[in-house]
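Throughout, residue positions are numbered sequentially from 1 according to the sequence presented.
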Amino acid sequence: MLLWLSVTVFVSGIVAQTTAKPQPSSNKEKVDLLISGGTIVTMDGDRLIVEDGALAVKGDVITAIGFRTDIESKYAAAQTIDARGKLVLPGFINGHTHVPMTLLRGLHDDVTLDDWLRKYIFPAEAKNVTEDFVRWGTRLAAAEQIRGGITTFADMYYFEDAVAEETKAAGMRGVLGETFIDFPAPDNKDEYETLAYTEKFLKRWQNDPLIHAAPAPHSIYTCSQKTLQDAANLARKYNAPILIHVAEMKKELDDSRAQNGTTPVQYLNKIGILGPDVVAAHCIFVDDTDRRILAEKHVGCVHNPSSNMMLASGVSPVPELRAAGVAVGLGTDGPAGSNNDLDLMEEMDLAAKLQKITKMDPLALGAKAVVEMATIEGAKALHMEKEIGSLERGKKADVIVISLSEPNAVPMYDVYAQLAYALKGNDVETVVIGGRIVMRDRRVLTVKEDEVFAKANEFKKKIEASLK
């Protein structure tokens with residue numbers, strides 16, 4: 001049998017294919033998985049799109065990517081995913097959420113952030129959040145995120161070791177932060193307990209292929225300077241990320257100016273918190289000086305458009321942050337009171353439109369930019385761009401396959417516009433994380449969904465009863 005070599009031709013950023021003279025066949029290299037025949041949206045440095053492409057996976061990494069005929073001629077796989085007529089992308093990255101709060105979804109909405117936290121959520125959590133609550137909420141969130149093509153998420157909550165166990169069981173990749181907060185929390189009653197719990201948590205998950213454990217000081221308005229610095233010092237002792245809410249509401253800005261004499265960003269910089277290990281959620285009230293500091297310190301920011309709109313917190317200056325050199329990802333925020341779902345494709349759509357309307361400029365933030373924010377820029381915001389965020393040889397095999405067979409998917413003139421404005425989370429068909437198929441043909445393989453749904457409804461009854 002003769003095999004045909006491929007010659008690459010670049011046409012307007014789209015990879016086209018011609019054929020060259022044949023060569024004799026040889027033994028094919030064994031791989032674990034082939035994803036073959038789709039339109040591969042690589043999100044690599046050149047933003048290449050490969051028509052009729054394929055990628056080969058061995059273990060948890062991508063070993064080859066190119067044209068289908070070329071890849072299929074060189075590799076034989078134990079499993080193959082037929083992606084013909086579909087889009088193939090790097091998995092989406094949810095840069096900020098609180099996943100166990102799925103069990104509080106819709107508990108109390110339509111209030112300000114400060115009231116929502118202090119009058120409703122903090123009291124409800126104090127009465128209801130246990131390790132069992134956290135486990136079931138994480139399972140529910142894992143199913144929802146997998147169904148929407150999210151392969152990596154950054155979380156801040158309590159009993160985060162349990163979140164990590166359930167995340168790993170679901171086959172997801174997580175940057176998981178144990179919350180530091182200056183009042184008794186459901187898992188730890190003071191900072192001493194939080195520090196001990198978090199250090200044990202960090203030690204346990206060091207070098208895990210899926211779990212990146214982190215300290216997560218909640219914010220400057222719930223943590224003292226000492227708490228913030230202790231959490232950051234612990235993170236740096238173990239080379240762990242630091243997750244924190246930053247400049248997310250006007251009250252936080254006003255209070256910081258009154259109490260600290262400066263903005264939240266400048267205060268955090270002054271006390272030594274900011275650095276290339278920090279992931280800052282929201283970044284709404286950030287002026288020119290703040291943006292320069294964030295860029296200089298290589299802080300990643302995560303934009304949460306649904307949450308900011310629902311709580312009327314404000315609009316993050318995303319184009320200005322990007323122009324300043326800050327890596328900006330996308331997040332759903334928690335699925336209770338500030339969203340209330342975990343659909344990152346919805347966040348892409350809203351992120352672009354929110355900037356357009358607030359700036360009265362249809363060019364303010366485009367489709368390609370928000371797809372970047374959900375993938376490679378999201379990876380940069382989490383400081384993980386060497387591992388995830390694009391489909392390239394040597395990177396983790398976090399891959400999603402999106403169907404183009406629904407009415408909202410056709411016709412397609414521009415792939416980025418289709419992803420940002422037309423396709424939906426439920427168009428995701430198959431999800432691979434670290435080379436493991438966690439959803440195939442819209443069937444989640446790593447979470448027992450019926451069991452989780454039933455348990456979620458049990459928790460609803462308990463939570464309602466606790467608040468009467």
Side-chain angles (χ1 to χ4, degrees), residues 96-108 116-145 153-170 172 174-205 211 213-218 222-223 227 231 243 245 332-340 342 446-468:
H96 176 66
T97 187
H98 312 278
V99 293
M101 294 179 78
T102 49
L103 296 180
L104 299 172
R105 191 195 317 267
L107 177 66
H108 201 98
W116 178 73
L117 285 172
R118 298 185 188 279
K119 293 181 180 179
Y120 303 105
I121 291 302
F122 289 157
E125 288 178 329
K127 293 179 179 179
N128 293 284
V129 174
T130 63
E131 184 174 318
D132 193 48
F133 173 102
V134 164
R135 288 188 182 280
W136 286 103
T138 302
R139 290 170 190 169
L140 180 58
E144 184 177 353
Q145 291 189 103
F153 68 96
D155 186 68
M156 298 172 65
Y157 210 63
Y158 310 109
F159 296 104
E160 204 67 28
D161 195 50
V163 175
E165 289 181 353
E166 298 301 332
T167 299
K168 189 172 179 69
M172 294 193 74
V175 181
L176 309 178
E178 170 64 22
T179 297
F180 283 65
I181 202 161
D182 281 346
F183 53 77
D187 55 352
N188 298 301
K189 302 310 177 187
D190 56 34
E191 192 200 354
Y192 177 80
E193 286 186 12
T194 304
L195 280 166
Y197 178 98
T198 307
E199 183 158 23
K200 185 178 178 182
F201 173 55
L202 295 175
K203 286 179 178 179
R204 178 183 178 188
W205 295 100
I211 305 302
H218 181 273
T222 56
C223 293
T227 300
L243 309 183
H245 299 89
T332 62
D333 208 346
S338 60
N339 195 318
N340 291 342
L342 297 169
T446 56
V447 179
K448 296 177 180 178
E449 290 184 294
D450 290 346
E451 184 178 286
V452 172
F453 299 161
K455 197 70 175 180
N457 285 318
E458 286 181 26
F459 272 104
K460 174 182 178 289
K461 294 175 183 177
K462 292 178 184 177
I463 291 164
E464 284 181 327
S466 76
L467 297 177
K468 289 180 180 178

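A donor-acceptor pair under 3.5 Å is absent between the side-chain atoms of N340 and the main chain of R105, judged by distance alone. Distance alone, capped at 3.5 Å, is enough to place a donor-acceptor pair between the T102 side chain and the G137 backbone.
Minimum heavy-atom separation, F201 to L176: CE2-O, 3.4 Å. Taking all atoms of both residues into account, the shortest heavy-atom contact from T227 to E191 is CA-OE2, 3.8 Å. Here the closest non-hydrogen pair linking A170 and V447 is CB-CG2, 4.0 Å. Heavy atoms only, all atoms of each residue included: W205 and A213 are closest at CB-CB, 4.1 Å. Scanning all heavy atoms of the two residues, the minimum distance from V99 to P335 falls at O-CG, 4.3 Å. Contact between A214 and L243 at its shortest, heavy atoms only, is CB-CG, 4.3 Å.
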When you look at I121 and M101, which way does the side chain to side chain contact (heavy atoms under 4.5 Å, CB included) test go after all the steps? CA-CA 10 Å; I121 291 302; M101 294 179 78; 3.7 Å; yes
Determine, step by step, whether T194 and T179 satisfy the side chain to side chain contact (heavy atoms under 4.5 Å, CB included) criterion, reporting the C-alpha distance in whole Å, the side-chain angles of both residues, the deciding distance to 0.1 Å, and the verdict. CA-CA 8 Å; T194 304; T179 297; over 6 Å; no
Audit row: F453, L140, side chain to side chain contact (heavy atoms under 4.5 Å, CB included) steps and yes/no: CA-CA 7 Å; F453 299 161; L140 180 58; 3.9 Å; yes
Verify salt bridge (charged side-chain N to carboxylate O under 4.0 Å, His left out) between E464 and K460, making sure each step is shown before the conclusion. CA-CA 6 Å; E464 284 181 327; K460 174 182 178 289; 3.2 Å; yes
Side chain to side chain contact (heavy atoms under 4.5 Å, CB included) between H218 and F180, worked out: CA-CA 6 Å; H218 181 273; F180 283 65; over 6 Å; no
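Between I211 atom CD1 and K168 atom NZ the span is 6.5 Å, to the nearest 0.5 Å. Between atom CG of residue L104 and atom CD1 of residue I463 there is a gap of 5.0 Å, rounded to the nearest 0.5 Å. Rounding to the nearest 0.5 Å gives a distance of 8.5 Å between CG of L117 and CD of E125. One finds the OG1 atom of T130 at 11.0 Å from the CG atom of D187 (value rounded to the nearest 0.5 Å).
Environment of NZ in K448: sparse, with no more than 12 heavy atoms of neighbouring residues, nucleotides or ligands closer than 6.0 Å. The environment of K189 atom NZ is dense: over 12 non-hydrogen atoms of other residues, nucleotides or ligands sit within 6.0 angstrom. The environment of CZ in F183 is crowded: more than 12 heavy-atom neighbours from other residues, nucleotides or ligands sit within 6.0 Å.
Side-chain contact, T222 with D182: no donor N or O sits under 3.5 Å from an acceptor N or O. Residues D155 and H98 have side chains that never bring a donor and an acceptor to within less than 3.5 angstrom of each other. Inspection of the T332 and N339 side chains reveals no N or O donor paired with an N or O acceptor under 3.5 Å.
R139 pairs in a side-chain hydrogen bond (donor to acceptor under 3.5 Å, both in side chains) with only one of the listed residues (E451, E449, E166), which is E166.
With sequence neighbours excluded, the residues that form a ring-ring contact (aromatic ring centres under 6.0 Å, His included) with Y120 are H108. Every residue two or more places apart in sequence or in another chain was checked for a side-chain hydrogen bond (donor to acceptor under 3.5 Å, both in side chains) with E193, and none qualifies. With sequence neighbours left out, the salt bridge (Lys or Arg N to Asp or Glu O under 4.0 Å) criterion links E458 to K455.
The shortest distance between side-chain heavy atoms of E160 and V163 falls below 4.5 Å. Looking at heavy atoms from C-beta onward, Y158 lies out of side-chain contact with N188 at the 4.5 angstrom threshold. Looking only at side-chain heavy atoms (C-beta outward), D333 and T97 stay at 4.5 Å or farther from each other. Using a 4.5 Å heavy-atom threshold, the side chains of I181 and F122 count as touching. Side-chain contact between E165 and R204: present, with at least one pair of heavy atoms (C-beta onward) separated by less than 4.5 Å.
Relative to the ring axis of F459, K462 places its NZ or CZ within 45° and under 6.0 Å from the centre.
Ring geometry, Y157 versus F133: the interplanar angle falls under 30°, so the pair is classed parallel (tilted spans 30 to 60°).
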